[in-house]
Amino acid sequence: MKTYYSRKQLEHNAAGEFNRGAFVQAFERPDRALSVLAAVEAAHFGAIEAPTEFSLDPILRIHDAAFVKFLQTAYAEWKAMDRPGDALPMMWNARVFREDKIPESLDGRLGYYSFDISSAIAAGTWDAVKAAADVALAGAVDISSGREKVAFSLCRPPGHHAASDCYGGYCYLNNAAIAAQYCRDHGANRVAILDVDFHHGNGTQQIFYSRSDVLFASLHGDPKTEYPYFLGYADEKGKGEGEGFNHNYPLPRGTDWDAWNAALTAASKVVDTYKPDALIVSLGVDTYKNDPISSFKLDTQHYALMGQAIAKLGKPTLFVMEGGYAIGELGTNAVNVLKGFENA
Ligand code: OKP
Ligand code: ZN
């Protein structure tokens, strides 16, 4: 299996994040990518390649142009105002305001374009998130052209929380959505996105919610108790043209492999019935029992079973790396999914 990876992705390095009232080391840090890279190397999976540089066009098929411009300039604007540290929002548009005004000031735009405080814009953020989108696109080229049946895009930072014009949850550009759209624009009539990250992929859901050409199915912690709290319920089925093409499987805290696998079987049926030309897997392994910010109970050996089940769908498949914060075991768990897929 071919892996795409870019060192530029290490350049996003937040000074820290707020967690439970304390400013702590960022959970989403450069070491995450290195953990996965080391495990891919140790598995002797085949070529590990840097992506070619794509233009902004495939990103702008998914994201709003002013939003992308904002991501490109926000850090420099922050520094031009002599602010310390990374660019962080201090206020959000919380239902009680009007939504048709984009503020001029940077503080206003930080609040307008984000949904949480955990996603700093630091010096290298734009270069890293652009590289991650390129990593996803390189994999999309391979599977949409038929050159490869499967590929792994080792993206970092993750992407599935990023909506068309909103960032948050450590996500800035939606790598999986950008890859899915690329496949749509290059021969695939239908694309399915299967999101196995612990957290609901609210960004991916929002992007494709009114569309029938990209199906979204997600297994995740129940938003009643888990981040991102405001989306991911089972009654979110899609709207208009997209009605019936969005499938959420919220699961309770403490969910173990058997219960998780039952939901995977249900989601797999939905994907299979859809008959996609390509499958994108938003591969988060923060379902792991020792993940520091999640609450499922999957163990290392279960990830190979997950890969096996995904292989059974028999589709050209692109794995796009999302979350996973138990950095010691992150690489092993992610690569176990790929091994399970390969050995199926
Ligand atoms: C990203 B992905 C407070 C907790 C913030 C953000 C979780 C983002 C997860 N510091 N939680 O889905 O793995
Ligand atoms: Zn996650």
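Remember, it's a predicted structure, so these values are computed and weren't measured experimentally. As the structure lists them, so they are numbered: ligands from 1, and atoms in each ligand from 1. Side chains are part of it too, since the values below use all heavy atoms of this structure and drop only hydrogens, waters and symmetry mates.
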Check: Any N/O/S atom of E322 sitting less than 2.8 Å from the Zn ion (ligand 2), backbone or side chain?
Finding: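 No.
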Next item on the list: Using 2.8 Å as a strict upper limit, say whether an N, O or S atom of H220 approaches the Zn ion (ligand 2) that closely.
Entry: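 Looking at H220, which is the residue asked about, there is no N, O or S atom under 2.8 Å from the Zn ion (ligand 2).
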Checklist line | Shortest reach to atom 12 (O) of ligand 1 by a heavy atom, considering only E322, E226, H160, H200 | finding: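 Of the listed residues, H160 has the closest heavy atom.
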Checklist line | Closest candidate by heavy atom, reference atom 13 (O) of ligand 1, pool Y227, Y170, Y325 | finding: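 Ranked by closest heavy atom to atom 13 (O) of ligand 1, first place is Y325.
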Check: With the threshold set at 4.0 Å, does a side-chain nitrogen-carboxylate oxygen contact exist between D127 and K8?
Finding: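 Not counted as a salt bridge, because no side-chain N and carboxylate O are separated by less than 4.0 Å.
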Next item on the list: Keeping to residues at least two apart or across chains, list the side-chain hydrogen bond (donor to acceptor under 3.5 Å, both in side chains) pairs with something in residues 58-71.
Entry: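 Listed once each, the pairs are R61-D185.
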Item checked: Proximal heteroatom of D197 relative to the Zn ion (ligand 2) (N/O/S) ->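 Restricting D197 to its N, O and S atoms, the minimum distance to the Zn ion (ligand 2) goes to OD1.
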Next item on the list: Just jot down the ligand 1 atoms closer than 4.0 angstrom to any heavy atom of D286, in number order.
Entry: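 Listed by number with element: 13 (O).
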Notebook entry, point to check: By number and element, which atoms of ligand 1 are closer than 4.0 Å to a non-hydrogen atom of G323?
Noted result: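 Heavy-atom distances to G323 below 4.0 Å select 13 (O).
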Note to self: Membership question, hydrophobic clusters at under 4.5 Å side-chain separation (ILVMFWY): are M321 and L219 in the same one?
What the structure shows: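 Shared cluster, yes.
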Notebook entry, point to check: Cluster partners of M91, using ILVMFWY side-chain heavy atoms under 4.5 angstrom, listed by chain and number?
Noted result: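 Answer for M91: V96, F97.
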Notebook entry, point to check: How about Y325 and E28: does a side-chain donor come under 3.5 Å of a side-chain acceptor?
Noted result: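 On atom types as modelled, these side chains do not qualify, holding no pair under 3.5 Å.
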Next item on the list: Say whether S118 and ligand 1 are in contact under the criterion: heavy-atom distance to a ligand atom below 4.0 Å.
Entry: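 Yes, S118 has heavy atoms under 4.0 Å from ligand 1.
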